[in-house]
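All remarks here apply to the structure that follows.
Keep in mind that the numbers below use all heavy atoms, side chains included, and drop hydrogens, waters and symmetry copies. Lettering follows sequence order; numbering is per chain, from 1.
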Amino acid sequence: MKIQPLYDRVLIQRVPSEEKTSTGIIIPDTAKEKPLEGIVRATGKGKPGDDGKPVALQVKEGDKVLFGKYSGTDVTINGEEHLILREEEILAVITD
Amino acid sequence: MKIQPLYDRVLIQRVPSEEKTSTGIIIPDTAKEKPLEGIVRATGKGKPGDDGKPVALQVKEGDKVLFGKYSGTDVTINGEEHLILREEEILAVITD
Amino acid sequence: MKIQPLYDRVLIQRVPSEEKTSTGIIIPDTAKEKPLEGIVRATGKGKPGDDGKPVALQVKEGDKVLFGKYSGTDVTINGEEHLILREEEILAVITD
Amino acid sequence: MKIQPLYDRVLIQRVPSEEKTSTGIIIPDTAKEKPLEGIVRATGKGKPGDDGKPVALQVKEGDKVLFGKYSGTDVTINGEEHLILREEEILAVITD
Amino acid sequence: MKIQPLYDRVLIQRVPSEEKTSTGIIIPDTAKEKPLEGIVRATGKGKPGDDGKPVALQVKEGDKVLFGKYSGTDVTINGEEHLILREEEILAVITD
Amino acid sequence: MKIQPLYDRVLIQRVPSEEKTSTGIIIPDTAKEKPLEGIVRATGKGKPGDDGKPVALQVKEGDKVLFGKYSGTDVTINGEEHLILREEEILAVITD
Amino acid sequence: MKIQPLYDRVLIQRVPSEEKTSTGIIIPDTAKEKPLEGIVRATGKGKPGDDGKPVALQVKEGDKVLFGKYSGTDVTINGEEHLILREEEILAVITD
């Protein structure tokens, strides 16, 4: 089974808190209980631009991303925590 | 009798909760009582773009889709639960 | 006397509840007392598009349509219940 | 003295309630005390479109129109009740 | 000293209530204490249109205008009551 | 040290109340305690227009301007009261 | 590890309050406890313009910037306080 987000939406698998701490990134304001890093698992084709063609997203499958803790809609797939949000709600891509 | 949605609206038949569980998708936040998967039964022709021509939708009849639990307007057709919502409110297409 | 709606507005004659039940469509959430089907009796010429010309509506006189129960402004013409709403507020066209 | 509305605004003279009843149009929801029909007495030149030229209005001087009861700003001219509203707020033109 | 409004703003000198009554225009809803007619004393050059050039205003210095009583920002210049508002907030021009 | 505002923002040095009174401009509604005139000290390059190039501002360094008392963000530079606001929030330029 | 902001977002490292005071800039309204200057550490590629290409940002890595105290999302990287905000929320660049 595959989840294909629509337009500018992105499917993200949450990264458990342990891994997050190891990267040295902490969101300080009382956000301890919810991971805020995740891995992009699927992306939409983009919203139609002025010429009607979809504008490609900047994130791609496999990207590790940062997002705000109230973003998106939670979805559990085969026991793993995911969420679907708009690319607009992704703050940054984390690279090594 | 046929329901033809207008513009970017989509007619969706709700999938009963039993089938949903079998696909492994669960929406965790207290949404147990309302199914959130559905099958697209009819689509509008799209909203007019800048050139006045309708921009075709990305979903099509038969697609299995995910949508938020407060989306759209409920309509019962021949005893089956349906809803009419904007394609914008569809989060993702589920493929096997 | 004739009512000619302006721009993207549509004049709709409400269909009494009895006829509605016979089509098999029921809006379940406590909307029993107000019919939500209607027949389009007149349409505006459309809103001006980017080129200044009106963009034609998708519904036409005689169409049977579905609309939300809080849509539009009620107008009684010769004792018959009508309402004027924007085409945007029409959910779908019902065909047989 | 003449009132020349600006842009997409329209000057409307209210039609007294007696005449309104004779046309057979009644706005049912507790709007009895305020007439909702009127005669267009002056129109603006229209709002500038994308090319900077004003987009002409669809109503013209002399048109009998329907409008919502909370629309526009009341102005009394020589003892007659008028109001100035945007053409957008006019629901329909009444023809005989 | 001169006040040069920016973009689509207009400097208006309030007309005292006495002169207003003589023109036969009365704003009925409890607006007795504040004049609502005024004379345009200065206009901005207009907001930039799509081509970057300012779109000229429709009112000009010397025009007698009608405006809503909560519009704009009051400014007293040499003891005379003025206000600065957007041309958008001017309802109509009064001509004789 | 220099403050270079971004896009359509403007750095304004407040003019003390004494000088304001001498120009004959008074903002009557209980705004006595905060000066509302100021001198433009730096301007942004403008917001990008449709062609991507910044649209130049209408105010320039040295202009004496009027602005609403709740506009902008206060910044004290070397003991002098300044504020940073959008050009949009400037009501007018004062010339002699 | 590197944080690459998306679109028009910017990663800023907060400047400790001591350094801020030395530049002579103070935000007077009860903002003492949070620094409001920062150094740009990374920028997004810009939001897509009308032609689909990203519009480059006006700030660049290394710029010292001023921003409002409620802007952005706090992120701690290797013990240093950072925040991610939209370039839109940056008030000005500080140069020497």
CG-CD1 distance between C:L11 and C:I39, expressed to the nearest 0.5 angstrom: 12.0 Å

Please classify the contact of D:V93 with chain C as side chain, backbone, both or neither, using a heavy-atom distance under 4.5 Å. both

Measure C:P5 against the heavy atoms of chain D and call it side chain, backbone, both or neither at under 4.5 Å. both

Quick one: of D:V59, D:I90, D:V65, who has the most non-hydrogen atom pairs under 4.5 Å with chain C? D:I90

Within a strict 4.5 Å, meaning less than it, do heavy atoms of the C:L66 and C:E37 side chains meet? yes

Which pair of heavy atoms, one from C:R9 and one from C:I84, lies closest together, and at what distance? CD-CG2, 3.7 Å

Side-chain contact test, heavy atoms from C-beta onward, threshold under 4.5 Å: evaluate it for C:R14 versus C:F67 and give yes or no. yes

